[in-house]
Amino acid sequence: MTLHLYNTRTRQKEIFEPITPDSVKMYVCGPTVYNLVHIGNARPVVVFDTLFRVLRSLYAEVIYARNITDIDDKIMKAARENNESIADLSARYAAEYQKDMAALLNLEPTITPYATHHVGEMIAMVEALLQRGHAYVAENHVLFDVKSMPDYGRLSNRSLDDMLEGARVEVAPYKKYGGDFVLWKPSSDSEPGWDSPWGRGRPGWHLECSAMIEKHLGHTIDIHGGGRDLIFPHHENELAQSQCAHGGTEYVRYWMHNGYINIDGEKMSKSLGNFRWVRDLLEQFPGEVIRFALLSAHYRSELDFSAALLEQSRASLDSLYGALRKVKDVEAAAVDVAASPIYQALLDDLNTPLAISALHDLARRINKSEGPELAQLKGEILAGAGLMGLLPRDPDVWFQGDASATGIDAAQVEALIAERQQAKLDKNYARADAIRQELKAMGVVLEDSKQGTTWKIEN
RNA sequence: GGCGCGAUAGCAAAGCGGUUAUGCUCCGGAUUGCAAAUCCGUUCAGCCCGGUUCGACUCCGGGUCGCGCCUCCA
């Protein structure tokens, strides 16, 4: 039972071994809370939530930290536009984020650190970098001196000169070298700021993750995750800061990055105006459908998000829940998930598409089977799906929804089904069909079987 | 200019040097008062050109096309 993970730093799959046996420390970059989150923000959360679940099945202790960035220039701008305090705005959107992530069936991380709670630690790290000669002060800024670190650029696999050649951004005049990045920058009186040895100011973007990891997880962690776009500059710079502040100690053993989400084949971007907010999607689809869609491709691949993908995901879940509905009165057997093909697929760098195909295989076997093996199959499918955060619901709830949300009175539906049952016994098929039509008009679809008649809400 | 990724059937998406991926759709069959669900089956693959091999969708080389990053970014 070996977990293999693709490590961005080495660009290959490796056997995962935690630093401390039976204990894993994982950190994932969370959102900057200045708006609702879009589907691109949700992908790493779902991916690493799945990894979190797999890790917990393998190790006695898994500490999973996912931060909230609650100080940032984008937040400052949004607060100004909203005429709202930064603290209020970031707290509001942090709460919305938690709500959306819960709707996508993500577990709470072990730790949710906030950037603004760690300014002291950030200042201490900047001081350490200055002391060790990896940073310098210039015009009230503190900058990281990338040339002081011999293997800067190793994570993103690029050389300093190559980076500057393609740079799209003008180099600030106070930088000794164009690639140097800001650790601390001054704040004007109207901007939020904290007192520091270099005057009132605020931290650079990369610093918070380094400081929070140092405080909560230590100098070396097992896994650091995030979107592919964070490899450079964010993670490269985080790595540089932390490693240099700690005298060269390895910062992260396994770097993991998920691929992008495209919308109808195009990159999701502000200029195209094609952002998909999780909140909007949740109005049209259950969170589980969105989660399923995100897991339907391998996490390192690009994923094209579209209405067709969501419809297909819903159809797949209908099929899986259909099998569960058949065995809803069967008590699931306790199973050893380790033997499951689903587990094997997930251990291979989170091969969720393959794991999902194994889910379908189990569903088919449930549909075909009768008798005692159903308990075993039910146990297997639930345990396997649980590793991905899927199929947690009562199948009746899946198909029939929540009466308060659908406005459908289950008792009334049941009464009509009973009446139709009698009509069928009386061979009064005209009446039976009329009842079917009546319910159909309400959005209720009937399914007759040997066990009786079940119903579901039409999508 | 530098670094990197990808191309699989109508659509989505995996594994694999040889033997069914899987899901949705289409078609046929079983079942069915009707309808659905379910089961069985069929059809439809591997961008192009070489090479290695008994055998290549899979490995290697070269093209073509598409995409990403190079200091806002999931």
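Values reported hereafter were calculated over all heavy atoms of this structure, with side chains retained and with hydrogens, waters and symmetry mates removed. Here is the naming used below: chain letters follow the sequence lines, and residue numbers restart at 1 for every chain.
Between G2(B) and G63(B), the two P atoms lie 14 Å apart (nearest whole Å). Across the C1' atoms, A21(B) and A9(B) are found 13 Å apart, a figure rounded to whole Å. A distance of about 13 Å separates the P atoms of C47(B) and G10(B), rounded to the whole Å. Nucleotides A56(B) and C24(B) are separated by 33 Å at their P atoms, to the nearest Å. The separation of C48(B) from G6(B), taken at their C1' atoms, amounts to 16 Å, rounded to a whole angstrom. Using atom C1' as the reference point in both G17(B) and A13(B), the two lie 22 Å apart (nearest Å). Taking atom C1' in both C39(B) and U31(B), one finds a spacing of 9 Å when rounded to whole Å. Annotation: C16(B) and A74(B) have their C1' atoms spaced 32 Å apart (nearest Å).
In this entry the distance linking NZ of Lys326(A) with C1' of C39(B) reads 10 Å, nearest Å. For the pair Arg276(A) CZ and A74(B) P, the computed distance is 17 Å after rounding to whole Å. Separating the CZ atom of Arg158(A) from the P atom of G1(B) is a distance of 17 Å, rounded to the nearest angstrom. Spacing between atom CD1 of Ile356(A) and atom P of A14(B) amounts to 10 Å, rounded to whole angstrom units. Between the P atom of A74(B) and the CG atom of Leu303(A) lies a distance of 17 Å, rounded to the nearest Å. Between the CG atom of Leu310(A) and the C1' atom of G23(B) there is a distance of 15 Å, given to the nearest Å. Rounded to an integer number of Å, the gap from NZ of Lys424(A) to C1' of A35(B) is 10 Å. Rounded to whole Å, the distance from NE2 on His298(A) to P on C5(B) is 14 Å.
When both distances must be under 3.5 Å, the Watson-Crick or G-U wobble mate of G17(B) does not exist. For G33(B), there is no paired base (Watson-Crick or G-U wobble, both distances below 3.5 Å). Under the Watson-Crick and G-U wobble criteria, each requiring two contacts below 3.5 Å, nucleotide G41(B) is paired to C27(B). Pairing for C65(B) goes to G6(B), judged as Watson-Crick or G-U wobble with the two contacts each under 3.5 Å. As the counterpart of U58(B), no nucleotide is assigned, since no Watson-Crick or G-U wobble pattern has both distances under 3.5 Å. Pairing of G1(B), defined by two Watson-Crick or G-U wobble distances under 3.5 Å, is identified with C70(B).
Across all strands, Gly227(A) comes closer than 4.0 Å only to sugar-phosphate atoms, never to a base (heavy-atom distances). Among the protein residues, Ser449(A) comes within range of no part of the nucleic acid, since none of its heavy atoms lies under 4.0 Å from any strand. Contact annotation for Ser306(A): no contact, since no heavy-atom pair falls under 4.0 Å across all strands. Within the nucleic acid shown, Ala308(A) has no heavy atom closer than 4.0 Å to any nucleic acid atom. Note on His234(A): nothing from the nucleic acid sits closer than 4.0 angstrom, heavy atoms only. Using a 4.0 Å heavy-atom criterion, one finds that Arg314(A) contacts no nucleic acid atom at all. In this structure, Gly322(A) reaches neither bases nor backbone, as no heavy-atom distance under 4.0 Å exists between it and the strands shown.
Under the 4.0 Å criterion applied to side-chain N and carboxylate O atoms, Lys328(A) and Asp394(A) are not assigned as salt-bridge partners. Note on Glu283(A) versus Arg279(A): no salt bridge recorded, every NZ/NE/NH1/NH2 to OD/OE distance being 4.0 Å or above. Taking the charged nitrogens against the carboxylate oxygens, Glu419(A) and Arg431(A) do have a contact shorter than 4.0 Å, which makes a salt bridge. Under the 4.0 Å criterion applied to side-chain N and carboxylate O atoms, Asp49(A) and Arg291(A) are assigned as salt-bridge partners.
Side-chain atoms of Thr10(A) and Glu14(A) form a donor-acceptor pair, as typed in the model, at a separation below 3.5 Å. Under 3.5 Å, the side chains of Tyr136(A) and Asp180(A) contain a donor-acceptor pair of N or O atoms. Side chain to side chain, Asp70(A) and Thr116(A) meet the donor-acceptor criterion of an N or O pair below 3.5 Å.
A distance of 6.0 Å or more separates the ring centres of Tyr34(A) and Tyr93(A).
In this model, the phosphate group of A35(B) is not approached by any side-chain N or O of Lys456(A) to a distance below 4.0 Å at OP1 or OP2. For Asn157(A) and C3(B), the shortest distance from a side-chain N or O to OP1 or OP2 is not below 4.0 Å. In this structure, Ser296(A) does not reach the U22(B) phosphate: none of its side-chain N or O atoms is under 4.0 Å from OP1 or OP2.
Along RNA chain B, the nucleotide nearest to Arg11(A) and the one nearest to Glu302(A) differ in position, and the one closer to the 5' end is contacted by Arg11(A). Map Tyr6(A) and Pro31(A) each onto its nearest nucleotide of RNA chain B; the residue landing nearer the 5' end is Tyr6(A).
The base of C34(B) lies close enough to the side chain of Arg436(A) for a donor and an acceptor atom to sit less than 3.5 Å apart. Evaluation of atom-type donor-acceptor distances gives no pair under 3.5 Å for the side chain of Arg300(A) against the base of G68(B). Checked by distance alone, Asn262(A) brings no side-chain donor or acceptor within 3.5 Å of a matching partner on the base of C67(B). Side-chain atoms of Asn351(A) and base atoms of G15(B) include no donor and acceptor less than 3.5 Å apart.
The side chain of Lys267(A) lies closest to C69(B) when the candidates are A12(B), C24(B), C69(B). Closest to the side chain of Leu230(A), from the set U38(B), G33(B), A74(B), is A74(B). In the set G33(B), C70(B), A21(B), the nucleotide with an atom closest to the side chain of Phe232(A) is C70(B). Of all nucleotides listed (C34(B), C24(B), G68(B)), G68(B) comes nearest to the side chain of Tyr260(A). Picking from U71(B), G33(B), A12(B) the nucleotide with the shortest atom distance to the side chain of Gln312(A) gives A12(B).
Cation-pi contact between Arg300(A) and Tyr6(A): present, with separation from the ring centre below 6.0 Å and deviation from the ring axis of at most 45°. Judged by a 6.0 Å distance limit and a 45° cone about the ring axis, Arg158(A) is positioned over the six-membered ring of Phe232(A).
Screening His224(A), His216(A), His235(A) against Tyr27(A) for a ring-ring contact (aromatic ring centres under 6.0 Å, His included) leaves a single residue, His224(A).
Within residues 357-385 of chain A, the residues having any heavy atom closer than 4.0 Å to RNA chain B are, in order of number, Ser357(A), His360(A), Arg364(A), Asn367(A), Lys368(A).
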